[in-house]
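Order of appearance sets the numbers: ligands from 1, and atoms from 1 within every ligand. Quantities reported herein were computed from a predicted structural model and do not represent experimental measurements. FYI, side chains are in, hydrogens and waters are out, and symmetry mates aren't considered; it's all heavy atoms of this structure.
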Amino acid sequence: MKKKIIFATGNEGKLEEIKMILEGSGLEVISMKEAGISVPIEENGTTFEENAVIKAKAVAERTDCIVLADDSGLEIDYLNKEPGVYSARYAGEDTPQSIKNQMLLDRLEGVEEEQRTARFVCAIAAALPDGRIFTIRRTIEGRIGFAPVGEHGFGYDPIFYVPELGCTTAELSPEQKNELSHRGKALRAMRAKLEEEVLR
Ligand code: IMP
């Protein structure tokens with residue numbers, strides 16, 4: 001029988017992504033809703049790892065299953081790693097993404113290409129029923145472009161240019177992005193970690 005894992009997110013897209021990545025493993029992901037768990041979570045950590053652990057622990061207190069949670073965001077070096085853990089809340093949670101993207105482009109007005117380095121970061125935490133906690137962080141390096149380009153993806157993808165690919169992450173198909181992205185890499189690394197720790 002497969003071991004059940006609860007993914008502590010309300011985001012359907014993330015749930016589908018992890019389901020795809022765990023296919024063929026001995027692990028089966030279910031949503032909080034499917035597990036009948038609803039818990040208000042305050043993401044008040046100062047690092048991606050802290051926030052992922054806060055979310056995973058909050059759910060783990062209510063179940064005997066393994067719980068996974070993630071936290072992600074964009075770090076821009078020239079802006080002292082802003083928006084960072086505040087990426088979703090940058091300029092206000094309800095501000096349209098196109099305006100957030102434009103605000104960041106405006107703050108980088110006149111900044112040379114070499115100084116526009118940035119990365120997407122994803123931290124994933126796993127809380128095990130025996131109390132153990134694992135965290136994994138993965139990134140994708142890039143640069144902030146000079147204008148939004150591309151229709152795929154979400155969030156800051158249209159302004160995140162990957163020099164090796166010659167395009168933004170908003171120009172990649174979901175499969176291509178999954179291969180390279182901070183979240184895809186972190187989820188695959190967490191799959192390997194859990195296979196080693198709980199399925200052996
Ligand atoms: P959370 O991880 O759901 O708390 O949200 C992180 C925020 O970071 C999102 O709302 C996006 O603004 C941004 N973000 C994280 N990953 C990506 C990505 O792959 N592309 C674009 N924006 C991202």
Side-chain angles (χ1 to χ4, degrees), residues 6-18 20-21 31-32 39-59 67-77 79 81-105 107-108 116-126 135-145 147-162 165 167-190:
I6 299 171
F7 195 26
T9 181
N11 182 322
E12 280 296 319
K14 285 186 183 177
L15 204 64
E16 286 313 308
E17 210 173 279
I18 179 115
M20 230 160 73
I21 285 168
S31 64
M32 284 180 13
V39 44
I41 302 172
E42 207 189 327
E43 287 183 37
N44 53 8
T46 55
T47 65
F48 295 106
E49 281 82 355
E50 263 177 51
N51 278 335
V53 169
I54 289 170
K55 287 185 251 186
K57 274 188 167 168
V59 175
V67 179
L68 285 187
D70 84 326
D71 195 46
S72 57
L74 175 67
E75 287 182 353
I76 302 177
D77 293 323
L79 302 178
K81 304 208 170 164
E82 277 188 52
V85 290
Y86 300 104
S87 292
R89 290 163 275 173
Y90 180 64
E93 195 104 36
D94 297 331
T95 302
Q97 186 64 44
S98 56
I99 293 180
K100 298 184 191 214
N101 289 350
Q102 193 54 53
M103 285 171 69
L104 290 175
L105 291 175
R107 290 177 68 189
L108 292 182
R116 301 173 78 96
T117 50
R119 70 203 52 77
F120 281 128
V121 180
C122 176
I124 301 196
T135 61
I136 280 177
R137 165 188 285 233
R138 292 290 183 277
T139 59
I140 173 172
E141 298 288 329
R143 287 179 188 176
I144 301 305
V149 181
E151 305 294 330
H152 297 289
F154 69 102
Y156 300 99
D157 280 328
I159 61 166
F160 189 79
Y161 180 80
V162 185
L165 302 176
C167 66
T168 67
T169 44
E171 293 178 274
L172 300 174
S173 68
E175 292 75 20
Q176 285 171 317
K177 189 174 163 201
N178 210 354
E179 281 285 308
L180 305 160
S181 78
H182 49 315
R183 194 171 304 102
K185 289 193 274 194
L187 286 172
R188 286 191 291 276
M190 187 52 92

Atom CZ in Arg183, atom CD1 in Ile140: separation rounded to 0.5 Å?
11.5 Å
For the pair Asp157 (side chain) and Phe154 (backbone), establish whether a donor and an acceptor sit closer than 3.5 Å, ignoring hydrogens and angles.
yes
Is there side-chain contact between Leu172 and Asn178, with at least one heavy-atom pair below 4.5 Å?
no
What are the polar N/O contacts of ligand 1 with the protein below 3.5 Å, with distances?
unit_1, atom_1, unit_2, atom_2, d
ligand 1, 2 (O), Lys14, NZ, 3.3
ligand 1, 2 (O), Ser72, N, 3.0
ligand 1, 2 (O), Ser72, OG, 2.8
ligand 1, 3 (O), Lys14, NZ, 2.8
ligand 1, 4 (O), Asp71, OD1, 3.3
ligand 1, 16 (N), His182, NE2, 3.0
ligand 1, 16 (N), Arg183, NH2, 3.0
ligand 1, 19 (O), Lys177, NZ, 2.7
ligand 1, 19 (O), His182, NE2, 3.4
ligand 1, 20 (N), Asp157, OD1, 2.9
ligand 1, 20 (N), Asp157, OD2, 3.3
ligand 1, 20 (N), Lys177, NZ, 3.4
ligand 1, 22 (N), Tyr156, N, 3.1

Minimum heavy-atom separation for Arg119 to Thr139, with atom names?
CD-CG2, 4.1 Å
Compare all side-chain heavy atoms of Ile144 with those of Leu105 and state whether any distance is below 4.5 angstrom.
yes
Can you tell me how far apart CD1 (Ile124) and CG (Leu68) are? Round to the nearest 0.5 Å.
6.5 Å
